[in-house]
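Here the structure comes first, spelled out in structure tokens, and everything after it is commentary.
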Number of protein chains: 2
Amino acid sequence: MKKKITLKHIARELEVSVSTVSKALRNSDEIGRDTKEKVQAFARLYNYKPNNIAISLKNKQTKNIGVIIPNIVHHFFTTVFRGIEKYASDRGYNVIVCVSDESFDKEVINMEMLANGSVDGFIMALSGATQRQNDFNHITEVMGQGIPVVLFDRVTDQVNCDKVVINDRQIAYEAVLKFLANGRERIALVTNESYFNVSEERANGYIDALKDNGRTINENLILTLAYDHIDENVITGFFEREQIDAVLCVNEIFAVCCMGIAQKLGYKVPEDIAFIGFTDGILSRHSRPSLTTVAQHGEQMGEMAAKLLIEKIEKEINDEDMEQETYRTEIIKATIMERDSTDN
Amino acid sequence: MKKKITLKHIARELEVSVSTVSKALRNSDEIGRDTKEKVQAFARLYNYKPNNIAISLKNKQTKNIGVIIPNIVHHFFTTVFRGIEKYASDRGYNVIVCVSDESFDKEVINMEMLANGSVDGFIMALSGATQRQNDFNHITEVMGQGIPVVLFDRVTDQVNCDKVVINDRQIAYEAVLKFLANGRERIALVTNESYFNVSEERANGYIDALKDNGRTINENLILTLAYDHIDENVITGFFEREQIDAVLCVNEIFAVCCMGIAQKLGYKVPEDIAFIGFTDGILSRHSRPSLTTVAQHGEQMGEMAAKLLIEKIEKEINDEDMEQETYRTEIIKATIMERDSTDN
DNA sequence: TTGTAGGCGTTATCAT
DNA sequence: ATGATAACGCCTACAA
């Protein structure tokens, strides 16, 4: 039942000064051999550990990283988080997570809360609402205070900072190419309301691939679903109405649902119709047939984001003169994970 | 590009003392009307926000909660986390997450790190390794320092603290009862290596239900799989070897895999064989047929854990006299979520 | 070799 | 009504 012990306690107990204790514990050679041993033994006995808060205050460094994500139940964010956590904790940083719940207000509140001394920098993916209303003052303000920010996945051109994204457009392009190579012609896209830049990029890749290969875009083959609720009837109607032999979905839930519905309608996968989804999560691995997906390598993305952030944090400490800031955008290369929902 | 501003800056600028500024900002009525207004206007202009770290140091309270979980990609932990985050952030607490990766060492390191002033309390689920080696000194030590701990899901009798669990045993019991009521007799259990108390409890419920209803336990119908790797051949062998008409699985991945394999072997679900899995995640909702599961209500569990913890934290602040600590174990009632893998 | 003093940002107490 | 001072726990020049 020993309460937390401080330098002062040790000093009093051993009848030396606080600074002697401090130096002794840091093994300074200003301190005599025997005093050092005495102090260190005592500290070990009472399990002395310096108080992080005091150190933070003194050093103006918290060794905490703030992560703000829209959502923690989505597998993709979870894997990114895992990458962040891994990289950061290897370097002695803790991770403070806040969830914006796709809400602008929560994003702002969380950010302000953490910016007041709790963290040394931020890693974040923009909430849906933030992207919709195009307001990034909270971010620029925090950066103005000298706190670095790294954006990942859901990013924006309107903030100048380090970013980590995947090559959404290109990989969607490649997915369509793959369909074409397999002789598929009636290729559908299932996407969601488009204030998500990622969905937009994927749609662009889809469109470009078709155009570049002399196909015309058939708007009827593009299905736009709501972000948060899946209406099976809408999907069923889509598959009944249109003739389709391949489907690219912007996430795995859409893909699995669409595949299930198509199967119910009598389609054979992949003989009659092929599927590729974004997000390589458990769902894709365990669906029947297993789903070919775009692996976004979230963990790698998280590691990269953490790397960029920690570099900035530690550079800022050294550079007082703040030589012209320079920001990078790292692109994590997505790959197509072939499984049984496509021809191989 | 305004850097962080402090009381001192304001004081200097306005040529008053720091304490005047402090009081003015807290609207103390010791301060004259005009001074107050002047200070507040200035603070607003420069967007002054008090430094959390300094406040933490002064108040010996961080308003941070440390969460240590074995793993963040498992849907269950994710939902619990969500509950914690929700409850905590509504009450002004931040959540610091560390992942133990099922490792004893990482659990200890993370805990010690956070215990040195970074958090006011812990919410945790024990890592696999910790449960295996039965060493809980890191936990009792932290509690000895007056830092409250709440254990959830993966708990132990050997630590006396608040706990939140689900009624694993009873719900497994009920699941088996349901099978029996549907005329199923050859009921299998698919579980994992048993240092997870939760798996053990579920197995006990399975056994009790059979015994209480006059059935004998057939050891051959209990399949024990490795925790981290699923060997399809083992499962296939199991279903080929044994005659089975119902399966209870301790998690949803096992359930989905087993169901897939059984289907491949020609079983019709649920006509020939029924399945119930623990953990009500996306997998269960989207499998074909959809899986009947035990919903563990992780979010509710997280909220409860956060509630217990915050109560302890805030009580401790008031009670200096530490009147005989009393600990609670809250039981979250799991429910069976009926879907298409069982008769209804 | 050891100790003193000052400061990180804030607040509470006690002067003025 | 305002200000000086001390304290939270730690670190580090500088003094002794």
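To find a chain, count down the sequence lines: A is the first, B the second, and so on, and within it residues start at 1.
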Give me the first and last nucleotide of DNA chain C, going 5' to 3', that has any atom under 4.0 Å from a heavy atom of chain A. C/dT1 to C/dG9

Does B/Leu7 reach a base, just sugar-phosphate, or nothing at all? Heavy atoms under 4.0 Å. base

How would you label the contact of A/Val16 with the nucleic acid (heavy atoms, under 4.0 Å): base, sugar-phosphate, or nothing? sugar-phosphate

Given DNA chain D, 5'-ward residue of the pair B/Ile31 and B/Leu57, judged by closest heavy atom: B/Ile31

Pairwise 5' ranking along DNA chain D for B/Glu30 and B/Ala54, keeping only the more 5' one: B/Glu30

With a cut-off of less than 4.0 Å, is there a side-chain N or O of A/Tyr48 near OP1 or OP2 of D/dG9? no

Within residues 34-44 of chain B, which residues have any heavy atom lying less than 4.0 Å from an atom of DNA chain D? B/Thr35

Atom-to-atom span, [atom1] of [X] to [atom2] of [N] - whole angstrom:
X       : N     : atom1 : atom2 : result
B/Glu15 : D/dT2 : CD    : P     : 14 Å
A/Lys49 : D/dG9 : NZ    : C1'   : 16 Å
A/Asn51 : D/dC8 : CG    : P     : 12 Å
A/Ile5  : D/dC8 : CD1   : C1'   : 17 Å

Counting only heavy atoms from other residues, nucleotides and ligands, does the tally under 6.0 Å from CG of B/Asp157 exceed 12? no

If you draw a 6.0 Å radius around NZ in A/Lys86, do more than 12 non-hydrogen atoms from other residues or ligands fall strictly inside? no

Any ion pair linking B/Glu303 and B/Lys307 (charged N to carboxylate O, less than 4.0 Å)? no

Any pair with a residue in residues 102-151 of chain B that passes ring-ring contact (aromatic ring centres under 6.0 Å, His included), sequence neighbours left out, goes on the list, sorted by first then second residue, please. B/Phe104-B/His138

Quick one: CD1 on B/Ile332 to CG on B/Asp153, what's the gap to the nearest 0.5 Å? 11.0 Å

Residues in side chain to side chain donor-acceptor pair (under 3.5 Å) with B/Asn137, at least two apart? B/Asp135

Is any side-chain heavy atom of A/Asn71 closer than 4.5 Å to one of A/Val73? yes

Is there a side-chain contact between A/Leu25 and A/Val39 in this structure, where contact means two heavy atoms from C-beta onward sitting under 4.5 Å apart? yes

Is a side-chain donor-acceptor pair under 3.5 Å present for A/Lys63 with A/Asn52? no

For DNA chain C, which residues of residues 19-29 of chain B approach it to below 4.0 angstrom with any heavy atom? B/Ser19, B/Ser22, B/Lys23, B/Arg26

Which residues pass the side-chain contact (heavy atoms from CB on, under 4.5 Å) test with A/Lys163, sequence neighbours left out? A/Leu151, A/Val155, A/Cys161, A/Thr329

Assess A/Arg91 against A/Tyr87: is NZ or CZ under 6.0 Å from the centre of the six-membered ring, and within 45 degrees of the ring's axis? yes

